[in-house]
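Below: the structure, in structure tokens.
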Amino acid sequence: MDWTPGNVQKWVLWTEHLYRLPQVGKTFQELSGKDLCAMMEEEFRHRSPLWGDVLYAHLDIWKSGSDEVWSATEADSSCSGQPIHLWQFLKELLLKPHKYGRCISWLNKEKGIFKIEDSAHVARLWGIRKNRPAMNYDKLSRSIRQYYKKGIIRKPDVSQRLVYQFVHPV
DNA sequence: GAAAAGGAAATTG
DNA sequence: CAATTTCCTTTTC
């Protein structure tokens, strides 16, 4: 809440560099910390259709460190809970098609079959949630594969690229 | 050329 | 200690 437009710009550029988000900094100039906190995710998306949600998710992590600001934040699940599991995170994204339908969506919700439309984007979001800037699809997919033996996620009967299936759909 | 599949070792809460 | 994360090699798409 105390950030000057200069602070905000510095934070945005730092995040842009950390997560390799091209061209994000330019679209978030002239904003104070208050402005930034007042912005909902839609506004982030409006300013940067490609990476607005990523930036918002990252800001959300920072907000969670400040109670005063948190109380004014949209009820997003990104800060609660101790160790979020990957399969829970994927279900979270699938729960909000309006926000994440571009990068992950159900092919058959009843059977729990979903497709990762934008692997790089989903990996970035996961990396932000887990504070792992170096996360990528190679590593995220390895983590999904660990679920095979655990019976949490599997490959559908007719294996397709970027398509997985929850073993126990709800 | 990206994605799938795992083994193996390191990391983290 | 479990759940990844990281790294890597071999196949498959």
Side-chain angles (χ1 to χ4, degrees), chain A residues 11-24 37 41 44-45 48-71 73-170:
Chain A
W11 176 80
V12 171
L13 289 175
W14 175 78
T15 306
E16 175 183 308
H17 174 258
L18 187 62
Y19 288 98
R20 300 177 182 182
L21 313 175
Q23 312 292 84
V24 172
C37 290
E41 184 171 358
F44 276 76
R45 289 171 170 286
S48 177
L50 285 179
W51 309 117
D53 58 341
V54 172
L55 194 63
Y56 178 81
H58 192 239
L59 178 63
D60 222 32
I61 301 294
W62 279 58
K63 280 184 183 175
S64 65
S66 173
D67 292 329
E68 318 86 79
V69 181
W70 173 241
S71 60
T73 302
E74 164 183 25
D76 197 294
S77 49
S78 60
C79 96
S80 57
Q82 296 291 309
I84 175 105
H85 285 188
L86 177 55
W87 63 270
Q88 297 176 313
F89 175 75
L90 294 174
K91 285 198 171 183
E92 268 187 29
L93 298 189
L94 288 162
L95 219 53
K96 303 167 182 172
H98 283 306
K99 292 181 183 176
Y100 306 108
R102 306 285 165 177
C103 58
I104 184 172
S105 62
W106 294 112
L107 285 191
N108 186 322
K109 191 170 181 177
E110 293 66 43
K111 292 184 177 178
I113 301 174
F114 62 96
K115 177 170 186 177
I116 296 175
E117 313 281 355
D118 187 335
S119 59
H121 202 143
V122 173
R124 266 207 194 78
L125 290 169
W126 176 233
I128 284 166
R129 178 66 71 86
K130 287 293 294 295
N131 201 0
R132 271 297 111 75
M135 182 52 60
N136 57 31
Y137 183 67
D138 176 51
K139 289 181 278 192
L140 185 152
S141 63
R142 181 68 189 92
S143 293
I144 291 180
R145 269 176 253 124
Q146 301 281 36
Y147 286 147
Y148 292 175
K149 72 175 74 172
K150 297 184 178 180
I152 297 175
I153 289 178
R154 69 186 186 90
K155 214 58 180 158
D157 296 321
V158 280
S159 182
Q160 302 170 69
R161 286 188 155 202
L162 299 170
V163 176
Y164 298 91
Q165 175 173 195
F166 286 104
V167 175
H168 302 299
V170 181

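Just so it is clear, the structure is predicted and the values come from calculations on it, not from any experiment. Chain A is the first sequence line, chain B the second, and so forth, proteins listed ahead of strands; every chain is numbered from 1.
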Between A:Tyr100 (side chain) and A:Glu92 (backbone), is there a donor-acceptor pair under 3.5 Å? no

Between residues 130-137 of chain A and DNA chain C, which residues have a heavy-atom gap below 4.0 Å? A:Lys130, A:Arg132, A:Met135

Taking all heavy atoms of A:Ala123 and all of A:Asn136, pick out the closest pair and write down the distance. CB-C, 3.4 Å

Restricting to ring pair (Phe, Tyr, Trp, His ring centres under 6.0 Å), what partner residues turn up for A:Tyr164, sequence neighbours left out? none

Interface residues of residues 148-159 of chain A with DNA chain B (non-hydrogen, below 4.0 angstrom): A:Tyr148, A:Lys155

Note, A:Pro22 side chain near A:Trp51 side chain (heavy atom, < 4.5 Å): yes

With a 3.5 Å distance limit and no angle check, can you tell me whether A:Arg145 reaches the backbone of A:Arg154 through a side-chain donor-acceptor pair? no

Under 4.0 Å from a heavy atom of chain A: give me the 5'-most and 3'-most nucleotides of DNA chain C that qualify. C:dA3 to C:dC13

Would you jot down, in residue-number order, the residues of residues 101-109 of chain A having a non-hydrogen atom under 4.0 Å from DNA chain B? none

Which part of the nucleic acid, if any, lies within reach of A:Phe89 when heavy atoms closer than 4.0 Å are counted: base, sugar-phosphate only, or nothing? nothing

Quick one: closest heavy-atom pair of A:Leu162 and A:Lys155, and the distance? N-NZ, 4.0 Å

Between A:Trp126 and A:Phe89, is the gap from one ring center to the other below 6.0 Å? yes

Are the side chains of A:Ile153 and A:Val167 in touch, meaning some heavy atoms are under 4.5 Å apart? no

Here the pair of heavy atoms bringing A:Leu125 nearest to A:Ala57 is CD2-CB, 4.4 Å

Could you check whether A:Leu140 gets within reach of a base, just the sugar-phosphate, or nothing at all, counting any heavy atom under 4.0 Å? nothing

Relative orientation of the end axes in the helix from B:dG1-C:dC13 to B:dG13-C:dC1, expressed as an angle to the nearest 10° (five pairs per end): 30°

Are any non-hydrogen side-chain atoms of A:Lys115 and A:Trp106 less than 4.5 angstrom apart? no

